[in-house]
Novice: 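After the structure tokens below, expect a handful of questions from me.
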Number of protein chains: 2
Amino acid sequence: MHVTLQDVAKLAGVSTKTVSRVVNNQSEISQATRRRVQAAIEQLGYRPNILARSLVNKRSDTLAVVAWGLEFYGGPPRVLVGIEQQIFELGYSMLFSLLPRPDDTNINPVLDAFVDRRVDGIVWALPEIGDNHKWVKPERLKSLPPIVFVSMEPRPGLSVVAIDNRAGAAQAVRHLIDQGRRKIGVITGPTTWWESRERYEGWKDTLQCAGLDASPSLVVEGDWSAASGAQGIRQLLEQRPDIDSVFAGNDQMALGALGVMHSLGRNIPGDIAIVGFDDVPEAGFYWPPLTTVYQQLTEIGRIAVQMLHKLIKARRQGQDDAEPSTILLTPQLVVRASSA
Amino acid sequence: MHVTLQDVAKLAGVSTKTVSRVVNNQSEISQATRRRVQAAIEQLGYRPNILARSLVNKRSDTLAVVAWGLEFYGGPPRVLVGIEQQIFELGYSMLFSLLPRPDDTNINPVLDAFVDRRVDGIVWALPEIGDNHKWVKPERLKSLPPIVFVSMEPRPGLSVVAIDNRAGAAQAVRHLIDQGRRKIGVITGPTTWWESRERYEGWKDTLQCAGLDASPSLVVEGDWSAASGAQGIRQLLEQRPDIDSVFAGNDQMALGALGVMHSLGRNIPGDIAIVGFDDVPEAGFYWPPLTTVYQQLTEIGRIAVQMLHKLIKARRQGQDDAEPSTILLTPQLVVRASSA
DNA sequence: TTGTAGGCGTTATCAA
DNA sequence: TTGATAACGCCTACAA
């Protein structure tokens with residue numbers, strides 16, 4: 001079926017090892033034979049069997065990636081693009097898996113599939129929700145290739161890349177305060193999500209430091225969807241008719257809030273200022289254009305793969321796993337008309 | 001490093017072949033030895049090396065997927081989710097690649113990487129743009145595993161799954177006509193895109209059949225972005241101040257158009273009705289909620305993989321490639337306030 | 001029911 | 001500079 005080294009060797013009148021050397025640009029080979037072999041390779045359309053190579057080399061040059069939620073909002077795809085680009089640029093292939101649910105704790109089948117295929121490393125790009133990180137234990141990690149976690153709460157001994165959600169939320173709230181707002185409500189994502197809690201804490205800390213009200217009546221919980229944002233702001237207005245601004249945990253919920261304001265005939269930002277989080281590509285075209293917090297998600301993906309690459313190289317050199325590190329990127333506020 | 005069949009065999013006091021039988025649930029084995037072997041497997045934490053297995057079986061149980069544009073709009077991620085789910089459910093692993101540019105004609109490195117890894121099949125999930133399908137020739141395909149194309153113009157001899165964009169656009173325009181609109185402009189995607197041309201043709205055919213104006217002054221070309229939608233409607237209003245509605249080639253461009261209408265103080269749908277295409281999750285929360293065309297993108301992904309699976313099985317049984325087929329899914333109009 | 005021998009396609013070792 | 005031989009981990013054929 002497929003052309004093999006043997007076929008090429010036979011045609012070129014050399015040994016398989018010689019062909020192998022040509023294929024891998026190894027050591028010195030006489031120009032003459034090299035050319036002869038190369039001609040044979042092209043004539044036969046030879047392509048090396050990476051599986052066989054991996055078997056003997058004990059490395060698959062493949063990285064595994066686990067993700068979730070590509071279809072629901074804009075974040076995961078952007079992270080994935082960064083991951084894929086960096087994987088490709090480093091010469092790896094990418095094995096890809098989605099979890100059916102983000103808080104799935106039944107992750108062993110996924111991990112086993114990766115191990116069975118002898119991937120060189122794993123990028124775990126799932127949000128931290130509830131207990132879904134509990135499987136990460138030293139004894140389990142020992143039987144796995146190096147792993148880098150994306151968007152998980154940093155923990156000693158683990159390699160983690162994440163956005164500093166707290167700092168991002170603080171920027172957003174600080175901006176509202178600077179605009180003269182004093183009654184600042186918040187629509188959080190699900191409190192089971194670490195990222196969501198961080199954004200909430202950023203809201204709370206900033207208000208408290210400024211000596212402003214951060215009481216529970218200013219807080220409602222959404223589920224990231226625009227519908228929950230709409231529901232959320234209705235509830236907020238009921239609890240606290242005096243609010244002058246709202247910080248939403250993501251752009252979708254902010255969008256839902258905008259819609260409710262329109263249908264109530266309220267003016268934005270005149271009556272109420274609204275700020276989101278994420279800076280989805282459309283945010284600048286919402287009505288009014290949405291002030292939000294831009295996250296370097298593609299960069300996060302790239303950095304995660306770079307870290308992983310280092311861990312892999314380190315383990316190969318017998319360094320008993322290079323010191324794991326944590327990288328937190330600080331997002332950037334993007335001011336638009338919904339708040340100014 | 002890794003536990004092998006040999007290790008298990010030694011511990012259980014049997015031959016490697018016996019262990020292999022247990023691992024693969026093969027033929028009859030005495031309960032006694034089976035249990036003994038299984039105990040050894042668990043004790044050692046044995047995991048089969050799929051690479052070695054693939055080498056001898058001449059099948060990797062891996063499907064390759066090529067995509068593009070995950071970060072720009074909502075379509076590709078939804079297709080990808082369907083692809084991944086179906087791949088997983090059929091017991092394959094998924095090798096994943098993104099192209100840096102969708103109209104890249106330099107696809108040989110990508111294909112080679114797949115062939116080198118002996119993938120069992122390929123899902124080519126790239127939009128058809130310009131000449132980017134020209135590499136698909138019988139002689140090239142012969143040296144490749146089975147391929148299914150997603151969102152490409154159907155061609156004899158190829159397996160293609162796509163949305164019937166023309167029918168979708170026709171539904172949208174027909175709806176506008178039914179609402180009493182008579183001067184219906186269109187903001188198309190890039191005309192280099194097959195999908196975009198199809199939607200344009202749907203617009204044109206429907207208007208012509210209804211005896212309405214479909215002249216070039218009613219047409220502007222965007223690039224799928226919200227910004228181009230904004231630019232597009234400005235240009236349309238200049239060319240044809242008399243338009244009473246606009247069909248946008250996707251939801252992003254429709255969103256851009258909505259924004260311009262707001263800033264001009266025009267009423268939607270009173271002054272101008274607007275219809276999009278895609279039904280992104282947020283479309284129902286745009287202001288006003290956007291009438292648009294829902295595409296079964298996840299379904300497209302699943303169907304593509306199912307077709308691929310059949311092609312693979314057929315080729316294994318020596319059927320000289322099962323008859324390739326084309327599947328066109330008809331999208332569904334979703335009526336919201338922007339047009340009614 | 002179980003085991004032995006051989007090979008899948010590649011690379012490393014070590015000798016020529 | 002080249003080549004024979006032995007792995008890598010698994011599975012199939014054929015025996016026992």
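So that the names make sense, note that chain A is the first sequence line, chain B the second, and so on, each numbered from 1.
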Novice: Has the side chain of A:R21 got a donor or acceptor atom sitting under 3.5 Å from an opposite partner on the base of D:dG3?
Specialist: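 Result: at least one qualifying N/O pair found.
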Novice: Quick one, B:V23 with B:R53, criterion side-chain contact (heavy atoms from CB on, under 4.5 Å). Give me CA distance, side-chain angles, the key distance, then yes/no.
Specialist: CA-CA 12 Å; B:V23 171; B:R53 180 183 289 171; 3.7 Å; yes
Novice: Taking atom C1' of C:dC8 as reference, at what distance in whole Å does atom CG of B:L55 sit?
Specialist: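 Roughly 4 Å, once rounded to whole Å.
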Novice: Show every donor-acceptor pair shorter than 3.5 Å between a side-chain atom in residues 141-152 of chain A and any protein atom, with sequence neighbours excluded, or say none if there are none.
Specialist:
from	atom 1	to	atom 2	distance (Å)
A:S143	OG	A:R140	O	2.9
A:S143	OG	A:R140	NH1	3.2

Novice: Flag yes if more than 12 heavy atoms outside B:K10 fall under 6.0 Å of its NZ atom; otherwise flag no.
Specialist: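 Result for NZ/B:K10: open.
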Novice: Tell me the interatomic distance from A:R34, atom CZ, to D:dT1, atom P, rounded to whole angstroms.
Specialist: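 After rounding, the reported distance stands at 11 Å.
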Novice: Quick check on C:dC8: is either OP1 or OP2 less than 4.0 Å from any side-chain nitrogen or oxygen of A:N49?
Specialist: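 Checking C:dC8 against A:N49, no side-chain N or O comes under 4.0 Å of OP1 or OP2.
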Novice: Check DNA chain C against residues 56-63 of chain B and give the residues with a non-hydrogen atom under 4.0 Å, in numerical order.
Specialist: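 Under 4.0 Å from DNA chain C: B:V56, B:K58.
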Novice: Only pairs under 3.5 Å count here: list side-chain donor-acceptor contacts from residues 301-308 of chain A, not counting sequence neighbours, and write none if there are none.
Specialist:
from	atom 1	to	atom 2	distance (Å)
A:R302	NE	A:Q86	OE1	3.4
A:R302	NH1	A:Q85	OE1	2.6
A:R302	NH2	A:E89	OE1	2.7
A:R302	NH2	A:E89	OE2	2.6
A:Q306	NE2	A:Q86	OE1	2.8

Novice: Enumerate the residues from residues 4-20 of chain B whose closest heavy atom to DNA chain D is under 4.0 Å, giving them by residue number; use none for an empty result.
Specialist: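 Correct list: B:T4, B:L5, B:K17, B:S20.
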Novice: Could you give the CG-to-C1' distance, from B:L51 to D:dC10, as a whole number of Å?
Specialist: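 My rounded result for the distance is 11 Å.
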Novice: Is it true that B:D120 and B:R316 make a salt bridge, defined as a side-chain N closer than 4.0 Å to a carboxylate O?
Specialist: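 B:R316 and B:D120: salt-bridged.
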Novice: Under 3.5 Å, side chain of A:D131 to main-chain N/O of A:K134, donor-acceptor pair present?
Specialist: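 Flag not set: sc A:D131 to bb A:K134 has no pair under 3.5 Å.
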Novice: With a 3.5 Å cut-off and heavy atoms only, can you find an N or O donor on one side and an acceptor on the other between the side chain of B:R47 and the base of D:dG9?
Specialist: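 Answer is no: no donor-acceptor pair is held.
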Novice: Going by the rule ring-ring contact (aromatic ring centres under 6.0 Å, His included), which residues pair with B:F96 if we only count those two or more places apart in sequence or in a different chain?
Specialist: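 A:F96.
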Novice: Taking atom C1' of C:dT10 as reference, at what distance in whole Å does atom CG of A:N25 sit?
Specialist: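 Answer to the nearest Å: 16 Å.
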Novice: What pairs with A:Y46 under ring-ring contact (aromatic ring centres under 6.0 Å, His included), at least two apart in sequence or on another chain?
Specialist: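 For A:Y46 there are no ring-ring contact (aromatic ring centres under 6.0 Å, His included) partners, ignoring immediate neighbours.
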Novice: Report yes if at least one side-chain N or O of B:T33 is closer than 4.0 Å to OP1 or OP2 of C:dT2; otherwise report no.
Specialist: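 Yes.
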Novice: Using atom CZ of A:R117 as one end and atom P of D:dG9 as the other, report the distance to the nearest whole Å.
Specialist: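 These atoms are roughly 18 Å apart.
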Novice: Quick one, A:P100 and B:F88 - any side-chain contact, counting heavy atoms below 4.5 Å?
Specialist: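 With C-beta onward as the side chain, the pair stays apart.
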